[in-house]
Amino acid sequence: MDLSRLEPLDAYRWSLRGEAGRAPVVLFGDRELLTGMDDKVLEQIGNVARLPGLVGAAMTMPDAHWGYGFPIGGVAAFDAEQGGIISAGGVGFDISCGIRCLRTSVTLERLARKMKALADGLFVSIPAGLGREGHLHVDPETLDRILVGGAQWAVEHGYGSGEDLACIEDHGRADGADPAQVSAQAKARQLREMGTLGSGNHYLEVQVVDRVFDASAAAAFGIAEGDVLVSIHCGSRGLGHQIGTDYLVSLAKAAGRLGIALPDRELACAPIASPEGQAYLGAMRAGINCALANRQILAYLTRHTLRHFFPDAELPTLFDVSHNTCKAETHRVDGRERLLYVHRKGATRAFGPGHPALPDRYRPFGQPVIIGGSMGTGSYILAGCAEGEARAFSSASHGAGRQMSRSAALRRWRGRELIDDLAERGILIRTESMRGAAEEAPGAYKDVHRVAEATEGAGLARRVAFLRPKICIKG
DNA sequence: ATGTCC
């Protein structure tokens, strides 16, 4: 990215020079992260800043990269009463993709003795890969109840407990979901895919807490150095993807009908208050519930498998965060509380200390934020902080973020070699696709340590712990 | 991300 068009606000915050007809643009990240970003990121977030009803600045997180319409790592808030819009490209195709993090009572010593068997066991029990079907097949009526009930449906049907729900965003269920706005095709794709991981950057990882940055927040989150965790990264599978595809068309038509000038056709959108906007909102929330139920079922399968190897294992939920959503939230803007529709595409909600939506135990420390690492590199747990509210509508990074395209990664690496190298370093990968593993090469991603450091430096969230991977099941 | 092109 050409930094000459940017004005540094400080070492971690940059403003794009103003232009007529465009709202402010702020990019978070250090000089090296921004230098490494594609110019497309700047072009795309500049386009977002031209959409109607934007409040404050259009923003990118430190892990941002080029995406469909909106950059991945993009954050934009809109006010329905000011003609604000909602955009499918601002949420992403994998609606409510996110990470469920489970704590475990398994010690590193016990894990070390069962590494290979556990890796093989998880690979058998966790359905992964493109188009892969799950153990649970549902009928259309049941799917509609899942789309309304989310993880709450899953818990009611034996896949977990109320303690899980307390540690999921929105208590495991998005209000206002409307399955009637989800196409028959989208639903048909999901009937056999509940409880599946998917492909691409999705994974299930067994991790060890390698370093604690903030002992009091870590204690509140229930973790300490040497603890074993399991993180599950996945989303709403075929259903979410089909909702995105369907509404790209309907929102583009609405934009045309209402004369909304689109700087890029990939930014198809409609006013939140329009029939098409409301329909997408209802469908997208159904997609959120699909993803929340999916991660709850995968948590159940994970517990079942770990208890086969460690019969006394407890695996309580630390937290479950989504990073592809648009959520109605109240934010203070220029001293006034306003209801905003915050698009976070490849960005995590990061409420600060004291927020009423947080579980009691976490509230004094802020919301757990999870930055998922690339294959074999490690992940971070952070905590939302007060500055993030004013700076980014309480948003933070969601991962390492790609720095190289999938095709470029395929040309450069071989999956088999990457996996053998990682095994020599004590990290076991099990995957359905060697091609997928090459695309997910650690070198194709930004440095997760730098992303986490910049996220803290920018005042978006504070680092709490670094997690080192031990076993990774890839789609 | 995705029954990677109906």
Side-chain angles (χ1 to χ4, degrees), chain A residues 40 44 63-74 87-100 127-134 137-138 143 182-204 232-249 266 268 280 283-284 286-288 290-292 294-295 298 321-326 343-348 372 374-375 398-411 415 431-441 444-445 473-475:
Chain A
K40 275 273 190 190
Q44 289 191 320
D63 54 337
H65 56 108
W66 168 74
Y68 185 91
F70 279 59
I72 294 161
S87 166
V91 171
F93 278 76
D94 190 6
I95 296 167
S96 200
C97 181
I99 301 180
R100 166 72 69 102
L130 189 69
R132 182 72 185 273
E133 294 185 357
H137 294 180
V138 298
L143 183 64
V182 179
S183 70
Q185 190 186 1
K187 291 176 183 175
R189 286 179 67 167
Q190 197 59 32
L191 297 175
R192 294 165 185 267
E193 286 193 353
M194 292 308 302
T196 64
L197 201 57
S199 65
N201 65 359
H202 290 169
Y203 59 77
L204 179 149
I232 302 164
H233 177 214
C234 65
S236 51
R237 306 291 284 107
L239 180 126
H241 188 267
Q242 190 62 47
I243 291 171
T245 304
D246 292 341
Y247 277 92
L248 228 41
V249 177
E266 294 185 355
Y280 175 65
M284 186 224 23
I288 291 178
C290 175
L292 295 177
N294 193 29
R295 289 199 287 275
L298 285 165
V321 292
S322 295
H323 47 233
N324 275 4
T325 60
C326 177
H343 293 69
R344 295 190 184 91
K345 180 189 192 176
T348 299
S374 52
M375 185 174 71
H398 82 304
R402 287 200 89 86
Q403 62 176 356
M404 189 185 288
S405 71
R406 290 187 177 279
S407 51
L410 272 178
R411 287 193 292 274
T431 181
E432 285 288 339
S433 163
M434 285 302 157
R435 176 195 170 98
E439 290 179 355
E440 291 295 314
Y445 281 82
I473 309 299
K474 290 288 288 184

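When reading the values below, keep in mind they use all heavy atoms of this one structure, side chains included, and skip hydrogens, waters and symmetry mates. By convention in this document, chain letters (A, B, ...) are assigned in the order of the sequence lines, proteins followed by strands, and residues within each chain are numbered from 1.
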Starting at atom [atom1] of [X], determine the distance to atom [atom2] of [N], rounded to an integer number of angstrom.
X	N	atom1	atom2	value
A:Q242	B:dT4	CD	C1'	14 Å
A:H241	B:dT4	NE2	P	9 Å
A:L130	B:dT4	CG	P	6 Å
A:R132	B:dT4	CZ	C1'	18 Å
A:H202	B:dT4	NE2	C1'	14 Å
A:L248	B:dT2	CG	P	17 Å
A:I243	B:dT2	CD1	P	14 Å
A:I72	B:dT2	CD1	P	13 Å

Assess the side chains of A:H233 and A:H323: does a donor N or O sit below 3.5 Å from an acceptor N or O? yes

Non-neighbouring partners of A:T325 that pass side-chain hydrogen bond (donor to acceptor under 3.5 Å, both in side chains), sequence neighbours left out: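 Testing A:T325 for side-chain hydrogen bond (donor to acceptor under 3.5 Å, both in side chains), a comparison that skips the adjacent residues, returns none.
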
So, does A:E266 use its side chain to make a donor-acceptor pair with the main chain of A:G69 at under 3.5 Å? yes

Classify the nucleic acid contact of [X] as base, sugar-phosphate or nothing, counting any heavy atom under 4.0 Å across all strands shown.
X	result
A:Q185	base
A:G240	nothing
A:G200	sugar-phosphate
A:R406	sugar-phosphate

Residue whose nearest DNA chain B nucleotide is more 5′ - A:R402 or A:R435: A:R402

SB check A:E193 A:R132 (cutoff 4.0 Å): no

So does A:S199 get a side-chain nitrogen or oxygen closer than 4.0 Å to the phosphate oxygens (OP1/OP2) of B:dT2? yes

Straight-line distance of A:Q403 CD to A:H65 NE2, nearest 0.5 Å: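 A:Q403 atom CD to A:H65 atom NE2 measures 10.5 Å (nearest 0.5 Å).
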
